[in-house]
Engineer: 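Structure incoming, see below.
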Amino acid sequence: MVEILIAAFLILMLLGVPVAFALALAAFAAIIIGGQYPLVVVVKEMFTGLDSFPLLAVPFFILAAEIMSAGAISIMLLRFASQFVGHLRGGLGYTNVLTSTLFAGISGSALADAAGPGAMMVRMMEKSGYSRAYAGALTIATSVVGPIIPPSITMIIYALQDRNVSVGSLFMAGILPGLLISAMMAAVNWWVSRRRGYRSADPRPPVAQMIRNTLAALPALFLVVLIVGGIRGGVFTPTEASVIAVIYAIIVSAVIYRGFTFRDLWGAFWRAGIMSVAVLMILAAARAFAWVLIIEGVPQAMADAVIAMNLSPIAFLLMVNLLLLVFGMFMDPLPGVMILVPILAPIAHSLGIAADHFAIIVIVNLTFGLITPPVGGLIFVVASATHQRPSALIRELPPFFIAALLVLLILTFVPGLSTWLPRLSGFSHG
């Protein structure tokens, strides 16, 4: 059944079938040809995959991000970021990095980062003399912090697959790695800007203007404090936090920043509904796909094989990095988490690897898959939003690939970056 499952999935992907349908149809093919179980078991597992209260957080966080994107919040964050770094050599590139980092604390989605403030930054950078392809590549690279800095949809899904971690601990674990990614992408921008002579077009604004920009951005920036602080303080659960995020987003967009109309709200609901359906379809199909692997004993077989190799924790993590980098080239992060975490996490725990450390390595690895061809979702989102050919963007990405590999090596060899904040915040997961 496993051979049929994998072969069917690869054939469907090569034919261009959407991921959700490829996963589900592969599971059906394995059951039909294998002939050991009734077909209804695939449908049952798909429904079981969605029968989870914490999953309610996914559509609500998506809706909160859409509401915040539809209002004036992106512009407020862009002004706030630009006042600190916009006057430097390559200043708009730094502004791009900082804006994506700030927006990550609102959206929880790499694609939302790229399609919202990211596309806006590409247009601004091109007007200031930057290569449009480089501006697009920088946007692709910086948008990966969306699922790393809390709130994060990917982390919610991960916590459902591994009982050794919680959503709250993962939210805290992602902060320092997310900032590390932003710092590495800023370093690439520094190097490219010096080589190509990208300069700042605007001086630093007066102190009074900086204060006004900061005060204007505070309501938007407070959202991440509200979510993480509320979960850490035990005031509400992550699922409840997602609902509060929606209410807060509506209040900030409509009352504080104004200009947010009922039509904008309806549009946000419509886009969030479509995106939520797409995400949940992938999760349901991935559950059925993973069930076939589990029922056929693949996780246990892999665990026995790895244990027999007598690998050290570091050697295992390096092997996992390589596996996930290749896997991420062909699979989106969410189904990757659903399929691989039940297989790999128990092995990591048996080797004494900290649960939060391993979770961050998996999440960051699979998220970097969004910037690697041939299936890198961010490449095609930015290409569509900025009217460019994907090939032009890919040619500008190699320096960012190198930065991504350095981030993975640092996270692998320095587990404290992933475990320090969860421990400091009172989460018991090591």
Side-chain angles (χ1 to χ4, degrees), residues 2 5-6 144 147-148 152 154-155 157-166 169-170 172-174 176-178 180-181 184 286 289-290 292-294 296-372 401-423 427-430:
V2 174
L5 180 79
I6 302 300
V144 298
I148 312 301
S152 167
T154 308
M155 289 177 180
I157 305 305
Y158 189 103
L160 293 175
Q161 309 306 312
D162 184 0
R163 294 183 179 179
N164 290 284
V165 296
S166 66
S169 70
L170 288 183
M172 298 305 299
L176 293 181
L180 174 63
I181 293 171
M184 293 298 290
F289 188 96
V292 176
L293 295 176
I294 293 169
E296 289 295 297
V298 172
Q300 188 59 48
M302 288 190 64
D304 293 342
V306 172
I307 292 171
M309 294 168 66
N310 198 27
L311 294 174
S312 67
I314 287 295
F316 171 73
L317 288 177
L318 291 174
M319 184 181 73
V320 166
N321 276 320
L322 182 61
L323 169 67
L324 294 178
L325 283 173
V326 175
F327 190 88
M329 293 173 65
F330 304 96
M331 181 71 74
D332 289 339
L334 294 182
V337 167
M338 294 279 289
I339 294 168
L340 293 178
V341 171
I343 298 174
L344 298 176
I347 304 174
H349 303 330
S350 70
L351 293 174
I353 298 169
D356 291 317
H357 181 208
F358 185 72
I360 291 301
I361 287 177
V362 171
I363 292 168
V364 171
N365 257 295
L366 292 176
T367 302
F368 280 146
L370 292 171
I371 69 173
T372 55
F401 292 149
I402 295 172
L405 291 175
L406 288 175
V407 167
L408 288 174
L409 288 174
I410 293 171
L411 292 178
T412 299
F413 286 95
V414 188
L417 286 171
S418 307
T419 60
W420 180 63
L421 279 181
R423 287 173 179 166
F427 293 99
S428 60
H429 304 291

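Please read all numbers here as calculations on a predicted model, not as lab measurements. In this chain, residues are counted from 1 in sequence order. Just so it is clear, the values below take in all heavy atoms, side chains as well, and ignore hydrogens, waters and symmetry mates.
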Engineer: Could you check whether any side-chain heavy atom of L5 comes within less than 4.5 Å of a side-chain heavy atom of E296, counting everything from C-beta outward?
Structural biologist: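 Heavy-atom side-chain distance check fails, nothing below 4.5 Å.
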Engineer: What's the spacing between L324 CG and M319 CE if we round to 0.5 Å?
Structural biologist: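 These two atoms lie 10.0 Å from each other.
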Engineer: Which heavy-atom pair separates P147 from T154 by the least distance, and what is that distance?
Structural biologist: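 Between these two residues, the closest heavy atoms are CB-OG1, 3.8 Å.
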Engineer: CG of N321 to CG of N365: how many Å apart, nearest 0.5 Å?
Structural biologist: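 N321 CG to N365 CG: 4.5 Å, rounded to 0.5 Å.
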Engineer: Determine the minimum heavy-atom distance between A355 and V165, stating which atoms define it.
Structural biologist: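 Nearest pair, atom of A355 first, then V165: CB-CG1, 3.5 Å.
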Engineer: Show the atom names and distances, to 0.1 Å, of all donor-acceptor pairs under 3.5 Å that link a side chain in residues 335-347 to residues at least two apart or in another chain.
Structural biologist:
none

Engineer: List the atom of P177, the atom of S418, and the distance in Å for their closest heavy-atom pair.
Structural biologist: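 Scanning both residues completely, I find the closest heavy atoms to be CG-OG, 4.1 Å.
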Engineer: Identify, with sequence neighbours excluded, every residue that meets side chain to side chain contact (heavy atoms under 4.5 Å, CB included) alongside A315.
Structural biologist: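 By the side chain to side chain contact (heavy atoms under 4.5 Å, CB included) rule, A315 matches L311, S312.
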Engineer: Does the side chain of I181 come within less than 4.5 Å of F368's, by heavy atoms?
Structural biologist: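 Result yes, sub-4.5 Å side-chain heavy-atom pair found.
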Engineer: Could you measure the distance from the CD1 atom of I360 to the CD1 atom of I148? Nearest 0.5 Å is fine.
Structural biologist: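 Spacing of CD1 (I360) from CD1 (I148) equals 6.5 Å.
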Engineer: Just so I know, are the side chains of T367 and V364 near enough to count as touching, which here means a heavy-atom distance under 4.5 Å?
Structural biologist: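 Side-chain contact under 4.5 Å: no.
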Engineer: Taking side chain to side chain contact (heavy atoms under 4.5 Å, CB included) as the definition, give me every residue that meets it alongside I6, ordered by chain and number, with sequence neighbours left out.
Structural biologist: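 Checked I6 against side chain to side chain contact (heavy atoms under 4.5 Å, CB included); matches are V2, L10, F289.
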Engineer: What residues, two or more places apart in sequence or in another chain, satisfy side chain to side chain contact (heavy atoms under 4.5 Å, CB included) together with F413?
Structural biologist: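 Partners of F413 under the side chain to side chain contact (heavy atoms under 4.5 Å, CB included) test: I314, L318, L409.
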Engineer: Would a 4.5 Å heavy-atom cut-off, applied to side chains only, mark L408 and L325 as touching?
Structural biologist: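 The answer is yes; the side chains approach within 4.5 Å.
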Engineer: For a quick test of reading the model, state the closest non-hydrogen atom pair linking P422 to D356 and the distance between them.
Structural biologist: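 Taking every non-hydrogen atom into account, CB-OD2, 3.7 Å.
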Engineer: Looking at every heavy atom in both L317 and H357, which two are closest together, and how far apart are they?
Structural biologist: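 Residues L317 and H357, closest heavy atoms: CD1-CE1, 3.7 Å.
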Engineer: At their closest point, which heavy atom of I363 faces which heavy atom of M155, and how far apart are they?
Structural biologist: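 So the minimum-distance heavy-atom pair works out to CD1-CG, 3.7 Å.
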Engineer: If the condition is side chain to side chain contact (heavy atoms under 4.5 Å, CB included), which residues does A348 pass it with, not counting sequence neighbours?
Structural biologist: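 Per chain and number, A348 pairs via side chain to side chain contact (heavy atoms under 4.5 Å, CB included) with F316, I353, F358.
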Engineer: Got a sec, which pairs hit side chain to side chain donor-acceptor pair (under 3.5 Å) with one end in residues 328-337, sequence neighbours left out?
Structural biologist: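 Every candidate side chain to side chain donor-acceptor pair (under 3.5 Å) pair involving residues 328-337 fails, so no pair, neighbours aside, qualifies.
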